Amino acid sequence: MKLAFLASHNGSNMQAVIDACNSGKLACKPVLVISNNRESGALARAQKEGIPSVHLSLQTHRDTEALDHAILAALQQHGADWVVLAGYMRKLGAATLSAYRGRIVNIHPALLPKFGGQGMYGINVHRAVLAAGEAESGATVHLVDGEYDHGEILAQRKVPVLPDDTPETLAQRVLNVEHQLYVDTLAELAAGMPQPGPQIPLGFYQQ
Ligand code: GRF
């Protein structure tokens with residue numbers, strides 16, 4: 001499977017997947033990194049790894065439709081089979097969503113459908129989990145549709161909330177689990193598990 005990544009910031013999840021490709025744990029090849037942030041860690045990591053990378057944003061394109069078509073063109077040019085969102089802070093456009101339907105995955109730092117949606121990103125998610133008094137949080141890998149954090153859930157892994165957790169300590173423990181869960185889920189997809197789609201019941205990959 002040829003993987004393309006879209007990432008806006010640090011790119012630690014992307015790095016975990018790239019490391020798994022490099023070590024042979026994951027039978028995938030990273031072919032492209034796209035970022036909407038010229039200064040992102042993700043673009044720096046791509047350069048270090050020798051993976052083709054490109055900055056595509058509303059600075060490089062005049063509107064969301066032009067940006068959508070540029071993203072799709074880049075994905076197709078590099079032969080991406082799957083699109084891996086790794087902290088990508090924009091919604092994908094209709095052309096990209098339609099061309100890669102069922103082959104775009106995202107990771108979210110909570111147990112969706114709880115604590116997802118607009119505004120639920122970064123430390124906000126962990127603040128909300130603690131404020132709600134949850135006993136556990138976790139990470140979710142899901143297919144991407146036109147809504148934030150909304151598509152079919154492929155895999156979840158739980159992380160206990162500890163009595164003395166701060167949003168930061170919880171975020172770090174969840175992030176460690178995200179790195180493992182993203183690699184494991186992509187490995188299952190690459191190993192020819194049933195392709196995601198309506199035939200797979202919710203929670204098929206629940207663990
Ligand atoms: C992760 O928490 C991920 O779940 C969310 O954005 C964050 C990205 O972190 N979608 P990183 O850039 O992979 O370090």
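As the structure lists them, so they are numbered: ligands from 1, and atoms in each ligand from 1. Quick caveat: nothing in here was measured; it's all calculated off a predicted structure.
No option in L143, L6, L97 other than L97 meets the side chain to side chain contact (heavy atoms under 4.5 Å, CB included) test with I104. Applying the side chain to side chain contact (heavy atoms under 4.5 Å, CB included) test between R157 and each of V141, V174, L111, D184 identifies D184 as the sole match.
Every pair passing side chain to side chain donor-acceptor pair (under 3.5 Å) that includes a residue from residues 56-78 is listed here, sequence neighbours excluded: H55-S57, D68-T96. Residue pairs that meet the salt bridge (Lys or Arg N to Asp or Glu O under 4.0 Å) test with at least one member in residues 5-24, sequence neighbours left out, do not exist here.
For D145, there are no salt bridge (charged side-chain N to carboxylate O under 4.0 Å, His left out) partners, not counting sequence neighbours.
For ligand 1, the 4.0 Å heavy-atom shell takes in N10, G11, S12, N13, G87, I107, H108, P109, E178, ordered by chain and residue number.
There is no side-chain donor-acceptor pair under 3.5 Å between N176 and Q180.
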